[in-house]
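Remarks on the structure that follows.
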Amino acid sequence: MSDSLHELPKAYEPRHVEPKWYDYWMQKGYFTPKIDKSKKPFVVIQPPPNITGDLHLGHALTATIEDIMVRWHRMLGEPTLWLPGEDHAGIAAQVVVERALAKEGLTRQQLGREKFTERMWQWVNNCRDNIGNQHKRLGVSCDWTRERFTLDPGPSHAVRTFFVRLYEKGLIYRGERIINWCPRCATALSDLEVEHKENLSHLWYFKYPLADDSGFITVATTRPETMLGDTAVAVNPADERYKALIGSHVKLPLTERLIPIVADDAVAMEFGTGAVKVTPAHDPNDFEIGLRHKLPVINILNNDCTINEQGSGFTGMDRFAARNAVVEAIEQAGLLEKIEPHAHAVGHCQRCRTVIEPIASQQWFVKIGPLAKPAIEAVKSGAITIIPERFEKVYLNWMENIRDWCISRQLWWGHRIPVWYCGCGELIAAVEEPETCPKCSATELRQDPDVLDTWFSSGLWPHSTLGWPDKTEDMEYFYPTSVMETAYDILFFWVARMIMAGIENTGQPPFRYVYLHGLIRDEKGDKMSKTAGNVIDPLAVMDKYGTDALRFAIISGTTPGSDSKLSATRLEAGRNFANKLWNAARFVLRYGGSGTGTVAETAHLPIEDRWIVSRLNSTIGEAGVLMKQFEFGEALRRIHDFLWGEYCDWYIELAKTRLTDGSSPSPLPVLAQVLETSLRLLHPYMPFVTEELWQNLKRAFAIGGVDSIMVADYPEASGSGPDEAAVRVIDSLTAIVRAIRNTRAEYEVAADKTIHAVIHTTGGLVPLLKPYAGAIENLTRARVTIEGERNSEVPEKALALVLENSEVVIPMASMFDLAAELERINKETAEASAEIERLEKLLGDDAFCGKAPATVVEKQQEKLNTARDRLARLAEHRKRLAE
RNA sequence: GGGCGGUUAGCUCAGUGGUUAGAGCGCCUGCUUCACACGCAGGAAGUCAGAGGUUCAAAUCCUCUACCGCCCACCA
């Protein structure tokens, strides 16, 4: 017996195993690929987590799926790069730090830009360490020597280069457009950063007096306060009701202004009154109408969305207070026609939930059409495959209707826009800060104060991390990357932008596959959020169940692109599986140490050895196919089922007979080899327990080769198909064992009683099954004889169990003493009948039922039911005996 | 308004044309069997949301309906 059994505790203890192996892998440098130009690399760029706090389960899922792919390809011998990093997360991070400041009673404005940025960097440095450590706990095998941060010099240089190139091509412009303004963040937002929520509000009908006092035209609005910035009323040119009014003017109530009535096709005749108030400064539609009719743009809001001096009488009021005040003023003027309830979508800031306001503003935009076109083509042509496929439609639909992208943010945290202004009016876009104005040679240049949308820099991530725009060795070798794996909720924010930027900058799509996973929700199916307080901390989960269990729980039973829930039971299942493997290995190691790791020619092996090798081979094949299709949940299930349901439940159990009776050949080489191979198969999913056990097997069985399972070969299915002959024999064997066990249970045969069974089977199987007589006895406590097909009647007082290839005949007398059993049945039947009679009488007694507490009556009723069930079972049992 | 997804055992979910639909957990019965009670053996449990259609064959493909969820969308 080997010492290793004593070394290994009875239960798997992850905390004693995990840190050791992660350190070992790091120290060996296994995470850093060796560039080998004769081989095609496998490359995954990690979606950089926002430096906004701790990792959550979504990050754990991302990390786990990517680690599975990366470990798998590394074991296949491909030079494998998984590049980690973090995102400065512009507005999201700034909001987090601003909240921290608010607790100190400070605002960023009070600190000033420089001091605030210092605070941001302090935050970043803490947060990066934290994120790195949490990732390491998860077992991620990413190349930390290549870790990047979006604000690092390299990626920042890439951002400025991209900006300047687009500017020079005319694909970045500055102009006044309607943007989404968040008054709390005091910045513009892109359309994607606005979340629309259905809101029950009202539609207010205002009467605007015609300039010649001949009457009114009524308009309907959901935002009454914007009327202060109205510069026209629009009607549809085909609308008979208003045809005569086109070209005339109305007196805008509450102001001194005369505004025209214009005709525009954009007006829907059936909505409201068919007449629309036009506020070019505060509505995208109206802005367009304003352009077509050369209307003035009157912005009525300050940056904090209080009313500015344009709204005389309301100046300084908050927009919502102003809404009520305007309605009141209109009513007092006798111009309020009616108010109707009305549901409509209101935009909110994605980061701080404040209601956004559409405002015409001077901002920087990307002219996106020319970038979208090749990005659409890349997916349509199949150069990029999106998994699951249904997201291709979602992607194409968005890309084909894409609108220009507002990229300037009035924040202090991010990549500063690389544009400088000179007093002479010159505008200079440059990668490096210019010293003088090229036009007037002035040295006083002022950089644009704004920063870029954080997604502008993350869009470059697959190539900016590899050194672009320089022609680095990494860029040459690792680009384009293999798989972009991320959650489906950032398909537009990130994936689409990476495809556009990647093609624009490098001429190649940045990755071959996009694999989108779902969101992890809580046990009730709700999205986890800090405000809801239902966030599960991956670290706490790993402490309790182990990393492998967490990885198992979030991968198994899930399917690409679908949301899943994390439950304690699944975590327990993962922990139990790790423990099962641990104990299977303990069993094998108990007999190890004899240097018998090599398996003889398969053809000469006993049938159950051939069977388990064949089943392993099939499992390897199935898992391989599934993994190529990104079906990791299903692949893991197959591996799990093989290890637990076939290797442990049957092969180890069969091997026990051979090991105890010392028969030859020993099953040990096969036991060890199948386990060793299975551990390699499972390693990408559960890296820690597999490494620990693999190392033990390696030592005990003198397995040569590499120093870690993570750089061992990934199992690949052998060319030969399944060993059908062996499978047929073992299938028969297991069916026989199950039938006998089932019979014992059904007839309630005492556990320690040895029964008799005659197995009749086709002639060919007899010699093949005969060697298993001892094993069957061990597995069923039945002494068996194995014969050819039955050619006489089934003996009296015997059971005949008919199976696919065989029949098992069990004499009743071997299961129990028939006479004694009948006597027992009769006695118990009498007892049960007596009890039923007694209880029926009791429950039939109105006095009892009426006066006794309900719980007592229920209890007696339950007792009656139990007794009746017992009687029925006894009757059935007796009937069987009589047959 | 447009689009997508879901509806399978008590619960959470796998399973996309082929013999009696699976897993984990839960439930019932029996086991301290010398790897494992984080376990072993046995068992009960599903008209695969509903209706119609295609097919030799449908949980799986098509059509419609219902309910739940998500995404996109400038009708004030």
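Hydrogens, waters and symmetry mates play no part in the numbers below; they use all other heavy atoms, side chains included. These numbers come from a predicted model, not from an experiment. Each chain gets a letter, A, B and so on, in the order its sequence line appears, and its residues count up from 1.
Looking at residues two or more places apart in sequence or on another chain, you find no salt bridge (charged side-chain N to carboxylate O under 4.0 Å, His left out) involving A:Asp548.
Between A:Lys656 and A:Ala275, the residue anchored closer to the 5' end of RNA chain B is A:Lys656, taking for each the nucleotide with the nearest heavy atom.
With a 3.5 Å ceiling on both atom-pair distances, B:U33 lacks any Watson-Crick or G-U wobble partner. Nucleotide B:C4: paired with B:G69 (Watson-Crick or G-U wobble, both distances less than 3.5 Å). Here B:C13 sits opposite B:G22 as a Watson-Crick or G-U wobble pair (both hydrogen-bonding atom distances under 3.5 Å).
Remark: A:Lys580 is not positioned above the aromatic ring of A:Tyr647, lacking an NZ or CZ atom under 6.0 angstrom from the ring centre and at most 45 degrees off the axis.
Using a 4.0 Å heavy-atom criterion, one finds that A:Ile652 contacts the bases of the nucleic acid, with or without backbone contacts as well.
Rounded to a whole Å, the CD1 atom of A:Ile289 is 13 Å from the P atom of B:C75. Separating the CD atom of A:Glu392 from the C1' atom of B:C71 is a distance of 17 Å, rounded to the nearest angstrom. When rounded to the nearest whole Å, the span between CG of A:Asp563 and P of B:G5 equals 14 Å.
Comparing the C1' positions of B:U29 and B:G52 gives a spacing of 45 Å, expressed to the nearest Å. Taking the P atoms as reference points, B:C56 lies 26 Å from B:G22, given to the whole Å.
With no hydrogens or angles considered, a side-chain donor-acceptor pair links A:Glu340 and A:Tyr205 at under 3.5 Å.
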